[in-house]
Amino acid sequence: MKPAIQSNAPARRQRGITLFGLLFWAVIVGAVAVLLMKLFPAVNEYRTILSVVNAVSKSGASSVQEVRTAFEQRKSVEYGIESITSKDLEITKDNDKIVIGFAYDKEIELFDPVYLVIKFKGHSR
């Protein structure tokens with residue numbers, strides 16, 4: 001039998017993540033993922049409204065009523081516009097060009113009774 005070899009070198013410290021560290025980061029990443037999943041529909045609706053407003057302003061409508069009618073027609077075709085109607089549009093003229101503006105607030109329930117309020121605002125190009 002060979003004698004056991006003893007080393008005078010210091011023991012190497014183990015490196016890695018602990019279970020508590022793993023759980024901490026899992027909770028953080030999970031909370032951010034849930035927040036992003038709840039925010040995505042609101043941001044997607046804003047982008048849809050903005051694209052519809054830009055399309056209506058380029059459509060050649062010349063009166064306020066024509067703009068409102070065109071917006072309602074496009075809104076009925078587009079999926080997901082629920083926050084505003086044609087009555088919420090601010091329609092102005094700038095150098096013989098129609099500018100359509102809008103602003104609205106969106107409440108997103110994070111968990112009862114906590115809500116996130118986002119104020120969206122935009123106008124046609």
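If you read the sequence from its start, that first residue is 1, and numbering goes on from there.
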Asks: Could you tell me if the side chain of I49 sits less than 4.5 Å from the side chain of Y104, heavy atoms only?
Replies: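 In short, these two side chains touch, coming nearer than 4.5 Å.
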Asks: Can you sort out the partners of T69 under side-chain contact (heavy atoms from CB on, under 4.5 Å), two or more places apart, ordered by chain and number?
Replies: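 With sequence neighbours excluded, T69 shows a side-chain contact (heavy atoms from CB on, under 4.5 Å) to Q65, Q73, given in chain and number order.
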Asks: Return the set of residues passing side-chain hydrogen bond (donor to acceptor under 3.5 Å, both in side chains) with S86 (not counting sequence neighbours), or none when no residue passes.
Replies: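 So S86 forms a side-chain hydrogen bond (donor to acceptor under 3.5 Å, both in side chains) with E72.
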Asks: I need the full list of side-chain hydrogen bond (donor to acceptor under 3.5 Å, both in side chains) pairs touching residues 43-54, with sequence neighbours left out, sorted by first then second residue.
Replies: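 Residue pairs passing side-chain hydrogen bond (donor to acceptor under 3.5 Å, both in side chains), neighbours aside: E45-S83, E45-K106.
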Asks: Quick one: side-chain hydrogen bond (donor to acceptor under 3.5 Å, both in side chains) partners of E82, sequence neighbours excluded?
Replies: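 E82 satisfies side-chain hydrogen bond (donor to acceptor under 3.5 Å, both in side chains) with no residue once adjacent residues are dropped.
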Asks: Between L89 and L50, is there shared hydrophobic-cluster membership here, with clusters defined by ILVMFWY side-chain heavy atoms closer than 4.5 Å?
Replies: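 Cluster IDs for L89 and L50 match.
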Asks: Kindly write out the residues that satisfy salt bridge (charged side-chain N to carboxylate O under 4.0 Å, His left out) with K75, not counting sequence neighbours, or none if the list is empty.
Replies: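 Residues passing salt bridge (charged side-chain N to carboxylate O under 4.0 Å, His left out) with K75: none at all.
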Asks: Please tabulate, for the side chains in residues 115-125, all donor-acceptor contacts under 3.5 angstrom to protein atoms that are two or more places apart in sequence or on a different chain.
Replies:
from: S124; atom 1: OG; to: I100; atom 2: N; distance (Å): 2.9

Asks: May I ask you to list the residues sharing a hydrophobic cluster with L23, side-chain cutoff 4.5 Å, ordered by chain and number?
Replies: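 For the cluster that includes L23, the remaining residues are L19.
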Asks: Please name all residues satisfying side-chain contact (heavy atoms from CB on, under 4.5 Å) with R74, sequence neighbours left out, ordered by chain then number.
Replies: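 side-chain contact (heavy atoms from CB on, under 4.5 Å) check on R74 returns V52, A55, V56.
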Asks: Which pairs would a plain distance check flag for residues 24-40, meaning a side-chain donor or acceptor within less than 3.5 Å of a matching protein atom at least two apart in sequence or in another chain?
Replies:
from: K38; atom 1: NZ; to: E109; atom 2: O; distance (Å): 3.0
from: K38; atom 1: NZ; to: L110; atom 2: O; distance (Å): 3.2

Asks: State the CD1-CZ distance between I84 and F102, to the nearest 0.5 angstrom.
Replies: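 Reported value, rounded in 0.5 Å steps: 6.0 Å.
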Asks: Quick one: salt bridge (Lys or Arg N to Asp or Glu O under 4.0 Å) pairs with a partner in residues 84-103, sequence neighbours left out?
Replies: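 Listed once each, the pairs would be none.
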Asks: Could you state the interatomic distance from OG (S57) to CD1 (I91), rounded to the nearest 0.5 Å?
Replies: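 These two atoms lie 11.0 Å from each other.
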Asks: List in chain and number order the residues that pass side-chain hydrogen bond (donor to acceptor under 3.5 Å, both in side chains) with E78, two or more places apart in sequence or in another chain; answer none if no residue qualifies.
Replies: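 So E78 forms no side-chain hydrogen bond (donor to acceptor under 3.5 Å, both in side chains) with any residue.
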